[in-house]
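For ligands, and for the atoms within them, numbers begin at 1 and follow the listed sequence. Only this structure's heavy atoms are used, side chains among them; waters, hydrogens and symmetry mates stay out.
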Amino acid sequence: MLSTPVLSDEQIDTFKNDGYLVLRQAFDAEEMTRIETWARELVALPEETGKHWVYHEKSLKGDDADLISRIENIAPFHDGFAELSSVLKAPVAQLLGEKSALFKEKVNFKMPGGDGFKPHQDSQAGWDEYADFFISVLVSIDEATEENGCLQMCGGHHQRGLFKSWEPLTDEDMAGMDFVLCPTEPGDVVFFDCFAPHASEPNMTESTRRIYYATYNRASAGDHMAQYYADKHKSFPPDIDRDPAKEYVFRV
Ligand SMILES: O=C(O)CCC(=O)C(=O)O
């Protein structure tokens with residue numbers, strides 16, 4: 001079994017003040033060897049309708065290479081990631097002050113040439129239709145650096161609540177926001193709330209930068225994962241289920 005990260009009162013206060021919390025070496029080297037193996041197993045699984053969801057992107061390196069950008073909806077099809085998303089429920093419950101329910105999860109692969117993410121709040125992606133508050137946890141599988149597009153966070157601005165759904169933050173929204181690099185090593189974990197502005201740059205290095213993300217809502221707000229993925233399948237299905245006559249646009 002993976003160990004369960006436990007947060008101190010001071011760490012809980014930091015999360016409330018900043019909207020995010022970095023927990024270094026939450027998982028040790030032996031645990032990360034297991035998680036890294038799971039990530040390799042995941043990417044090797046066949047892409048099939050009704051299984052985990054695979055999204056591709058074109059490399060920004062100018063060679064038109066086909067990359068895997070992310071894989072979502074994993075835990076129902078992979079016991080290892082089911083264990084990881086279950087273990088992370090406890091520290092998230094500490095931050096929520098009550099039990100947590102898994103809402104979504106993914107691995108962002110950010111392969112060489114993989115794109116970054118414009119500054120946004122996660123709730124801008126229509127999450128407020130399901131619950132009013134979420135906490136995401138990332139587990140750094142690879143080292144994430146300035147060069148390969150680590151997360152950039154902006155402390156304190158989560159307190160301003162939701163800006164505008166379905167659009168990244170505008171220059172006006174970002175006046176006074178100071179994004180700081182949040183480099184992580186394998187085994188580091190970062191908690192951030194759904195209003196915490198964040199961004200990342202493309203990965204123009206030669207190595208893949210994999211990060212696992214799991215998102216939870218308060219258990220008292222209900223269990224929305226199945227409905228979220230059913231709705232998302234209509235608007236932004238995995239590549240294998242796409243209608244070639246339709247255009248699908250990633251918005252936030
Ligand atoms: O993995 C990254 O670089 C950032 C991911 C992100 O912001 C997101 O998936 O919303």
Looking only at heavy atoms, is any part of Glu201 under 4.0 Å from ligand 1, and if so is it the side chain, the backbone, or both, or is it neither? neither
Numbered in order shown, the ligand 1 atoms found under 4.0 Å of a heavy atom of Asp122 are 10 (O)
Near Lys110 (heavy-atom distance under 4.0 Å), the atoms of ligand 1 are 3 (O)
Can you tell me how the ring of Trp53 sits relative to the ring of Tyr55, calling it parallel under 30°, perpendicular over 60° and tilted otherwise? perpendicular
Taking all non-hydrogen atoms of both residues, which atom of Val22 and which atom of Cys182 are closest, and how far apart? CG2-SG, 3.8 Å
Can you list the atoms of ligand 1 that are under 4.0 Å from a heavy atom of Leu151? 4 (C)
Can you list the ligand 1 atoms lying under 4.0 Å from a non-hydrogen atom of Asn108? 1 (O), 2 (C), 5 (C), 9 (O)
Are more than 12 heavy atoms, taken from residues, nucleotides or ligands other than Asp79, located less than 6.0 Å from that residue's CG atom? no
Asn203 side chain to Ser207 backbone, donor-acceptor under 3.5 Å: yes
Working note: Phe191 + Tyr20, criterion ring pair (Phe, Tyr, Trp, His ring centres under 6.0 Å); need CA distance, chi angles, decisive distance, verdict. CA-CA 5 Å; Phe191 300 85; Tyr20 72 99; over 10 Å; no
Over 60° means perpendicular and under 30° means parallel, so classify the ring planes of Phe103 and Tyr228, tilted if in between. tilted
Under 4.0 Å from a heavy atom of His198: give me the atoms of ligand 1 that qualify, with their elements. 6 (C), 7 (O), 10 (O)
Using a strict cut-off of 4.0 Å, indicate which atoms of ligand 1 neighbour a heavy atom of Tyr213. 1 (O), 2 (C), 4 (C), 5 (C)
For Ser200, the ligand 1 atoms with a heavy-atom partner under 4.0 Å come out as 2 (C), 3 (O), 4 (C)
Exercise: identify the closest heavy-atom pair between Asp115 and Leu60: OD1-CD1, 3.4 Å
Do Arg242's NZ or CZ and the ring of Phe236 fall within the cation-pi criteria of under 6.0 Å and 45°? yes
At a non-hydrogen distance cut-off of under 4.0 Å, which region of Leu138 contacts ligand 1 (side chain, backbone, both, or neither)? neither
For atom 10 (O) of ligand 1, which protein heavy atom lies nearest, and how many Å away is it? His120 NE2, 2.9 Å
With the threshold set at under 4.0 angstrom, would you say Lys106 reaches ligand 1 through any of its heavy atoms? yes
